[in-house]
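Atom set for the values below is all heavy atoms of this structure, side chains included, hydrogens, waters and symmetry mates excluded. From a predicted model like this one, the values you see are computed outputs, not experimental measurements. A note on names: the letters A, B, ... follow the listed sequences, proteins ahead of strands, and every chain is numbered from 1.
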Amino acid sequence: MPELPEVETIKNDLEPLVVGRKFTEVTVDDDTVVQKPSVEEFGHGLVGRRVVGLGRRGKFLILRLDNGRVLMVHLRMTGNLLATEACRRLPKELATARVRAVFRFDDGSTLSFIDRRRMGRMWLAADQEEVVGKLGPEPLAADFTVDVLAGLMARHRAPIKAVLCDQGIIAGVGNMYADEALFESRIHPLTPAADLSRAKVKRLYSAIQGILTTAITNRGASVDTYFRPDGNRGAAHYQFKVAHRLNENCPACGGPIERIRVRGRGTYFCPKCQRTG
DNA sequence: CCCGGAACCTGAAGGC
DNA sequence: TGCCTTCAGGTTCCGG
């Protein structure tokens, strides 16, 4: 599932492919993917516009246009953006996926929006804020300090796992990286966020930054249908210590990794290393 | 306001 | 072999 490191990777990979390019044609095969204006306005608003830069906010990908407007993309769970050649030869995990929309550029290249589960969304908007709404701080930004994290945690009594995944509290962390960060800081996923000691908040802070930074270096995690725009996989999932490793051995104590449900989401952790309370 | 749970969606996987 | 059920999780919505 695309979380912050996956979207950041897609942004980095797309930069040399689309910055400076002008949209010459926009084809939408599934109207539900266009969330913000009508499908007609979406296409008309893009054709003739040039991409001047890319950005990311939480799990949103941002394409900045030469008229100041923005094309926003959220891949949700199974969305993919594939370049011309990658789309021609879909990876077998995507073979049954459907093309929801295709962007054509002035150099003849294309960018295809593939989404098996049809939950990904796109917006054409005047600015990014009207799309992202109420999002928490960027965990890799310079002003995201231990004190900021401590302040956020103190306000919530929900399980720390749920709090980490709440985009309104911290932007970009999802199910996989929340599990990894909690293991790294040896915190039980059901611990009420407000109960974390200062020492644990400090460990969690370092873990979040380390886990996300390493995952970006490894080009994201291909646990399901995530592929980079060139069709290649990421390698971050090879570094996972607990996420999606049910019954495998904990790298710290050797005991079996367990899986529970927190807020309806599969949560992997080591019950020996991550104690309650 | 805070928290938990259901719904959305569709291909894969497992049971019988 | 095939039908049926369950599962996956980012986000939104609803109820307590």
Side-chain angles (χ1 to χ4, degrees), chain A residues 1-10 29-36 56-62 72-81 90-101 113-123 128 130-136 138-139 151-182 189-196 212 215 220-227 236-237 240 242-247 257-269:
Chain A
M1 325 302 147
E3 300 181 24
L4 185 155
E6 287 73 31
V7 181
E8 182 73 13
T9 299
I10 291 168
D29 298 317
D30 178 356
D31 290 4
T32 64
V33 304
V34 178
Q35 182 82 13
K36 225 178 89 142
R56 178 193 59 73
R57 176 78 171 96
K59 301 173 189 173
F60 289 86
L61 177 70
I62 305 162
M72 306 281 292
V73 181
H74 198 303
L75 300 169
R76 291 281 179 89
M77 283 143 50
T78 54
N80 274 274
L81 284 170
L90 284 173
K92 65 172 184 290
E93 288 84 348
L94 295 180
T96 53
R98 301 213 190 121
V99 176
R100 306 295 176 190
F113 186 98
I114 313 283
D115 191 359
R116 177 178 283 175
R117 243 169 274 178
R118 286 181 71 200
M119 286 181 160
R121 293 290 181 269
M122 297 189 286
W123 297 255
Q128 65 183 68
E130 77 180 60
V131 175
V132 303
K134 180 191 166 299
L135 267 190
E138 285 291 323
L152 293 169
M153 296 300 101
R155 261 180 266 157
H156 303 277
R157 291 210 57 79
I160 180 64
K161 168 66 185 286
V163 170
L164 288 181
C165 292
D166 187 331
Q167 301 303 292
I169 301 173
I170 298 173
V173 177
N175 209 39
M176 305 181 296
Y177 295 108
D179 283 356
E180 287 301 302
L182 289 174
L190 290 176
T191 310
D195 287 355
L196 293 179
L212 295 178
S222 291
V223 295
D224 193 4
T225 58
Y226 162 75
F227 286 86
H237 51 296
F240 283 176
V242 293
H244 295 96
R245 295 200 182 281
L246 178 63
N247 291 330
I257 302 301
E258 288 188 8
R259 181 175 173 276
I260 59 175
R261 260 175 196 287
V262 181
R263 279 284 240 286
R265 297 295 172 250
T267 298
Y268 301 84
F269 73 112

Whole angstroms only, please: what is the [atom1]-[atom2] distance between [X] and [N]?
X        : N      : atom1 : atom2 : value
A/Met153 : B/dC3  : CE    : P     : 11 Å
A/Arg118 : B/dC8  : CZ    : C1'   : 10 Å
A/Met1   : C/dC7  : CE    : C1'   : 11 Å
A/Asp224 : B/dA13 : CG    : C1'   : 13 Å
A/Arg263 : B/dC3  : CZ    : C1'   : 6 Å
A/Lys59  : C/dG10 : NZ    : P     : 5 Å
A/Gln35  : B/dC9  : CD    : P     : 13 Å
A/Arg100 : B/dG11 : CZ    : C1'   : 11 Å

Relative to each other, are the rings of A/Phe240 and A/Tyr177 parallel, tilted or perpendicular (30° and 60° limits)?
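Rings of A/Phe240 and A/Tyr177: perpendicular, as their planes differ by over 60°.
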Below 4.0 Å: OP1/OP2 of B/dT10 and any side-chain N or O of A/Arg116
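Negative; the distance criterion is not met.
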Strictly distance-based, threshold 3.5 Å: is any side-chain N or O of [X] a donor or acceptor partner for the main-chain N or O of [Y]?
X        : Y        : answer
A/Glu180 : A/Val242 : yes
A/Arg56  : A/Val7   : no
A/Glu3   : A/Met176 : yes
A/Glu138 : A/Ile170 : no
A/Gln167 : A/Cys165 : yes

May I have the step-by-step check of salt bridge (Lys or Arg N to Asp or Glu O under 4.0 Å) for A/Asp224 and A/Arg117, ending in yes or no?
CA-CA 12 Å; A/Asp224 193 4; A/Arg117 243 169 274 178; 3.5 Å; yes
Give A/Arg76 one of three labels, base, sugar-phosphate or nothing, depending on what nucleic acid heavy atoms sit under 4.0 Å from its own.
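Base contact - A/Arg76 has a heavy atom under 4.0 Å of at least one base atom.
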What's A/Met119 touching, base or sugar-phosphate or nothing? Going by heavy atoms closer than 4.0 Å.
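Base contact.
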A/Arg98 with A/Asp29: basic N within carboxylate O range, under 4.0 Å:
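No, this pair does not count.
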Please report the end-to-end axis angle for the helix from B/dC2-C/dG16 to B/dC16-C/dG2, five pairs per end, rounded to 10 degrees.
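End-to-end axis angle: 60°.
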For A/Val131 and A/Asn175, take the nucleotide of DNA chain C holding the closest heavy atom to each; which residue's nucleotide lies nearer the 5' end?
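By nearest-heavy-atom nucleotide position, the 5'-most residue is A/Asn175.
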Check side-chain contact (heavy atoms from CB on, under 4.5 Å) between A/Arg157 and all other residues, then give those that pass, not counting sequence neighbours.
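With sequence neighbours excluded, A/Arg157 shows a side-chain contact (heavy atoms from CB on, under 4.5 Å) to A/Pro192, A/Ala194, A/Asp195, given in chain and number order.
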Donor-acceptor pair present, A/Arg265 side chain and C/dT11 base, under 3.5 Å:
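Looking at the base of C/dT11, it does pair with a donor or acceptor on the side chain of A/Arg265 (distance under 3.5 Å).
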What parts of residues 156-172 of chain A reach DNA chain B, counting only heavy atoms under 4.0 Å away?
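The stretch gives A/His156, A/Arg157, A/Ala158, A/Pro159 as the residues lying under 4.0 Å from the strand, ordered by number.
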